[in-house]
Amino acid sequence: MPAGLIVKALSGYYYVLSEEDELMTSIQCRARGIFKKRGVSPLVGDRVIYELTENGEGTVTEILPRTSELVRPPVANVELVVLVFAVTEPALNLQLLDKFLVHTESAGLETIICLTKHDLVADDKDPETASQALGEGAQGITEIVRLYESIGYQTVVTSAKRGIGIEPVLEQLAGRISVFAGQSGVGKSSLLNAMVPGLQLETNQISMKLGRGKHTTRHVELIRLTNGGLVADTPGFSQLDFLQIEEAEQLSSCFREFREYASGCKFRGCLHLHEPDCKVLEAKEKGDISESRYEHYLQFLTDIKERKRRY
């Protein structure tokens with residue numbers, strides 16, 4: 001039986017791209033009932049075995065082993081996550097960005113940060129000038145880029161409208177399954193439209209009253225790039241929980257810059273709160289760990305502890 005890749009899931013159908021079809025056309029398939037009995041569902045990104053039916057459609061009969069699995073968005077075999085955050089409209093939310101990073105770290109996925117809508121905060125292409133337009137009390141774009149790159153995340157400032165920063169992101173997507181994730185209205189679809197000529201994904205304006213965008217992407221679908229990459233444009237969302245992080249001690253390892261210091265802490269399982277001889281706290285006091293990142297760590301730690309108490 002032929003093998004293929006699920007590139008879209010919609011209304012109970014799975015659209016499978018055959019590995020043997022040079023025309024790259026997808027076959028509309030249903031999944032075997034046995035999957036439901038086992039509590040397993042095929043996901044976009046799954047490599048599957050399927051069989052053709054008499055009506056020209058198909059049936060997914062086997063899901064091949066996954067290298068990764070995301071719960072939200074539901075995508076399998078992702079190798080790279082592009083976290084898309086606007087520098088404005090909606091306002092850049094670093095706490096939410098750090099929350100997304102905790103999720104990608106816990107899933108063991110490579111991550112790059114894409115800061116969109118640079119054209120809305122400056123009349124030129126200089127991120128330093130743009131940072132001055134973000135408003136009083138906001139961290140400048142250059143400072144934010146410097147912070148996350150010092151931690152080890154490639155951070156790209158982009159403008160889909162002006163074509164700024166598109167190529168560096170495209171280079172990372174070549175030949176891989178990637179997922180674009182972020183809040184509604186941050187410009188994920190606009191960015192993909194700039195990468196794939198003629199794609200014309202639906203985009204929407206930000207609601208000025210609510211400060212957020214409408215959900216223009218309603219299902220998960222892999223979009224083919226000319227460089228061999230496949231990208232999932234996912235429904236936007238602003239809420240995440242920490243279901244996959246069961247113990248508070250796991251959170252620390254999801255902050256990359258904590259790791260080298262945490263290994264030197266006096267106590268095994270140190271939560272880096274007020275324990276004696278905590279190397280993470282020492283690094284924070286010296287300025288080697290960002291104050292904002294540490295504050296977000298404390299907030300997430302509280303969230304995890306409260307969830308455990310509820311359940």
Side-chain angles (χ1 to χ4, degrees), residues 1-19 26-83 99-111 176-182 184 215 217-223 230-251 253-254 300 303-311:
M1 284 188 286
L5 178 76
I6 296 178
V7 293
K8 181 169 72 170
L10 184 64
S11 301
Y13 283 99
Y14 301 93
Y15 296 82
V16 179
L17 195 64
S18 173
E19 292 180 354
S26 59
I27 299 161
Q28 182 174 283
C29 297
R30 290 283 193 183
R32 283 185 63 196
I34 190 69
F35 294 126
K36 190 171 184 180
K37 292 179 182 178
R38 293 174 181 169
V40 176
S41 295
L43 297 175
V44 168
D46 268 329
R47 292 176 174 86
V48 298
I49 304 296
Y50 67 96
E51 59 184 11
L52 295 174
T53 54
E54 293 179 357
N55 61 0
E57 296 184 352
T59 303
V60 174
T61 60
E62 182 183 350
I63 300 171
L64 299 178
R66 294 166 177 163
T67 59
S68 65
E69 179 182 342
L70 295 179
V71 176
R72 188 179 184 189
V75 188
N77 300 314
V78 170
E79 300 166 72
L80 173 71
V81 178
V82 181
L83 296 184
K99 205 168 191 179
F100 270 86
L101 287 171
V102 166
H103 280 260
T104 60
E105 288 292 332
S106 66
L109 297 172
E110 184 182 344
T111 308
R176 300 201 277 184
I177 295 180
S178 307
V179 59
F180 277 32
S184 303
H215 295 249
T217 309
R218 296 176 179 85
H219 62 276
V220 180
E221 179 175 357
L222 290 178
I223 296 165
L230 290 160
V231 176
D233 180 28
T234 64
F237 52 92
S238 58
Q239 299 281 329
L240 290 172
D241 56 36
F242 294 106
L243 288 177
Q244 73 269 51
I245 300 176
E246 297 179 358
E247 301 296 334
E249 291 82 357
Q250 293 176 263
L251 180 64
S253 65
C254 295
F300 301 158
D303 291 345
I304 291 169
K305 288 180 176 179
E306 287 181 351
R307 180 175 61 83
K308 285 199 73 175
R309 279 198 292 268
R310 284 199 303 271
Y311 295 101

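Fair warning: this is a prediction, and the values are worked out from it, not measured in the lab.
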State the [atom1]-[atom2] distance between [X] and [Y], to the nearest 0.5 angstrom.
| X | Y | atom1 | atom2 | answer |
| --- | --- | --- | --- | --- |
| Thr67 | Arg47 | OG1 | CZ | 6.5 Å |
| Ile223 | Ser178 | CD1 | OG | 11.5 Å |
| Ile63 | Tyr50 | CD1 | OH | 15.5 Å |

Leu5/Leu222 under side-chain contact (heavy atoms from CB on, under 4.5 Å): CA gap, chis, key distance, verdict
CA-CA 10 Å; Leu5 178 76; Leu222 290 178; 4.1 Å; yes
On a heavy-atom basis, which atom in [X] and which in [Y] lie closest, and how many Å separate them?
| X | Y | result |
| --- | --- | --- |
| Cys29 | Val16 | SG-CG2, 3.8 Å |
| Ala232 | Val75 | CB-CG2, 4.3 Å |
| Gly45 | Asn77 | O-ND2, 2.7 Å |
| Ser26 | Leu17 | N-CD1, 4.2 Å |

Show your reasoning for whether side-chain contact (heavy atoms from CB on, under 4.5 Å) applies to Lys99 and Asp303.
CA-CA 11 Å; Lys99 205 168 191 179; Asp303 291 345; 4.2 Å; yes
Residues Glu221, Val44; criterion side-chain contact (heavy atoms from CB on, under 4.5 Å); working and verdict
CA-CA 7 Å; Glu221 179 175 357; Val44 168; over 6 Å; no
Residues that Leu109 engages under side-chain contact (heavy atoms from CB on, under 4.5 Å), provided they are two or more places apart
Ser68, Leu70, Val78, Val81, Ala107
I'd like to check the side-chain contact (heavy atoms from CB on, under 4.5 Å) partners of Glu79; sequence neighbours left out, ordered by chain and number.
Arg176, Ile177
Across all chains, not counting sequence neighbours, the side chain to side chain donor-acceptor pair (under 3.5 Å) partners of Thr111 are Thr104
Using side chain to side chain donor-acceptor pair (under 3.5 Å) as the criterion, list what pairs up with Ser253, not counting sequence neighbours.
none
Which pairs pass salt bridge (Lys or Arg N to Asp or Glu O under 4.0 Å) with one or both residues in residues 57-66, sequence neighbours excluded?
Asp46-Arg66, Arg66-Glu69
Can I get a per-line list of side-chain donor-acceptor pairs under 3.5 Å for residues 6-14, giving both atom names and the distance, sequence neighbours left out?
residue	atom	partner	partner atom	Å
Tyr13	OH	Arg30	NH2	3.3

